[in-house]
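We use all heavy atoms of the structure for the numbers below, so side chains are in, but hydrogens, waters and symmetry mates are not. These numbers were taken from a predicted model, which means no experiment stands behind them. Each chain gets a letter, A, B and so on, in the order the sequences are listed, and its residues count up from 1.
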Protein chains: 2
Amino acid sequence: MPPAPKSDRTFTISELAREFDITTRTIRFYEDMGLLKPERRGQSRIFTAGDRTTIKLILRGKRLGFSLLESKEMIELYDPAEGNVTQLQTLLDKLAEKRAILAQQLEDIRVMQLELDDVERRCREALATSRPARTSKRAPKTKSNSSRTSGKKR
Amino acid sequence: MPPAPKSDRTFTISELAREFDITTRTIRFYEDMGLLKPERRGQSRIFTAGDRTTIKLILRGKRLGFSLLESKEMIELYDPAEGNVTQLQTLLDKLAEKRAILAQQLEDIRVMQLELDDVERRCREALATSRPARTSKRAPKTKSNSSRTSGKKR
DNA sequence: CGTGAGCTTGACGTTAACGTAAACGTCATT
DNA sequence: AATGACGTTTACGTTAACGTCAAGCTCACG
């Protein structure tokens with residue numbers, strides 16, 4: 001028989017666990033939550049490429065701080081299971097909602113990056129002035145002072 | 001007496017709670033976690049502008065899925081309290097760590113946005129073909145079929 | 001003076017997202 | 001036939017981040 005087309009590949013629970021560096025318990029938990037619906041080969045679960053994708057989506061959601069229910073919502077948006085056809089407008093609304101969240105996150109990240117830039121800059125300055133400057137021609141000069149020893153007594 | 005410079009303004013717990021739409025319980029919890037260190041006026045807590053900023057940082061962290069401990073770490077990076085001066089290299093390492101996380105989040109958001117674009121596009125297509133098209137000249141045509149009713153029996 | 005608004009400190013309850021352990025089934029191999 | 005390597009279910013435990021009382025101070029106001 002022909003070597004089953006790659007798209008039909010199935011996975012065991014431990015294969016997926018290894019691939020995504022999660023435990024089998026976690027995968028079973030996702031099933032309990034209704035996020036995965038693997039078929040059964042006797043007792044054992046058989047996962048499809050679709051299940052694998054779902055796990056990817058869940059983990060991406062987690063990296064952005066989404067709860068499992070939020071991820072579930074988004075996955076259901078993406079995969080309009082049943083009856084959703086009658087709810088196209090609702091779907092568009094939810095899409096806008098999610099977009100708003102992502103936009104806020106983008107802004108939050110942007111600001112955080114700027115702040116990290118600032119911290120790093122000051123940190124490098126401190127390094128440069130505390131050490132006699134490696135190849136620099138400028139004398140150490142015992143510059144003003146740490147400039148970050150402001151406030152916060154105690 | 002002069003009307004106390006704005007930077008010296010202090011806040012009560014409920015003022016901050018209202019401003020950020022969180023409960024006083026939450027603020028006290030943040031204090032227990034060591035994130036806030038308000039002074040005391042007798043029994044009552046007196047919050048400074050710095051405390052207010054800290055709350056802002058915490059909430060921004062939460063929007064990105066950071067735990068309180070993670071936010072605390074970042075805040076401590078930003079506000080090198082004590083002894084950190086000796087750990088400049090460690091600080092730079094942690095900065096790089098945080099940057100990596102933010103970069104991953106940016107990528108995650110980018111992909112999600114693309115996916116939402118895709119869902120929305122198909123959604124609008126479905127709307128256009130299901131309704132007879134408002135000002136269109138093209139006949140409804142009872143197009144192929146929903147094209148999204150693939151797989152997933154049951 | 002008592003009453004309400006706002007503050008305090010416990011201390012137990014709750015939810016999400018798993019961890020962990022027990023007890024068992026099923027093969028393939030030794 | 002026993003030993004692993006893998007799978008299963010059931011069920012209680014754990015952590016984070018608060019929620020939700022309870023009981024009590026304290027101060028201005030009518």
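The cationic atom of B/Arg122 (NZ for Lys, CZ for Arg) lies less than 6.0 Å from the six-membered ring centre of A/Tyr78 and within 45° of the ring axis.
A search for side-chain hydrogen bond (donor to acceptor under 3.5 Å, both in side chains) contacts involving B/Asp93 returns B/Gln89, not counting sequence neighbours. Residues meeting the side chain to side chain contact (heavy atoms under 4.5 Å, CB included) test with A/Lys94, sequence neighbours left out: A/Glu73, A/Leu77, A/Thr90. Residues passing the salt bridge (charged side-chain N to carboxylate O under 4.0 Å, His left out) test with A/Glu70, sequence neighbours excluded: none. Residues meeting the side chain to side chain contact (heavy atoms under 4.5 Å, CB included) test with B/Leu69, sequence neighbours left out: B/Ser67.
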Along nucleotides 13-23 of chain C, 5' to 3', which nucleotides get a B, which get an S, and which get a -, given that the test is a protein heavy-atom distance under 4.0 Å?
----BBBB---
If a protein heavy atom is under 4.0 Å from the base, mark B; if only from the sugar-phosphate, S; if neither, -; do that for nucleotides 4-9 of chain C going 5' to 3'.
---SBB
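Shortest non-hydrogen contact noted between A/Leu102 and A/Phe66 is CD2-CZ, 4.2 Å.
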Between A/Arg110 and A/Glu107, is a salt bridge (charged side-chain N to carboxylate O under 4.0 Å, His left out) present by the stated rule, with each step listed?
CA-CA 5 Å; A/Arg110 200 182 62 76; A/Glu107 173 65 6; 3.1 Å; yes
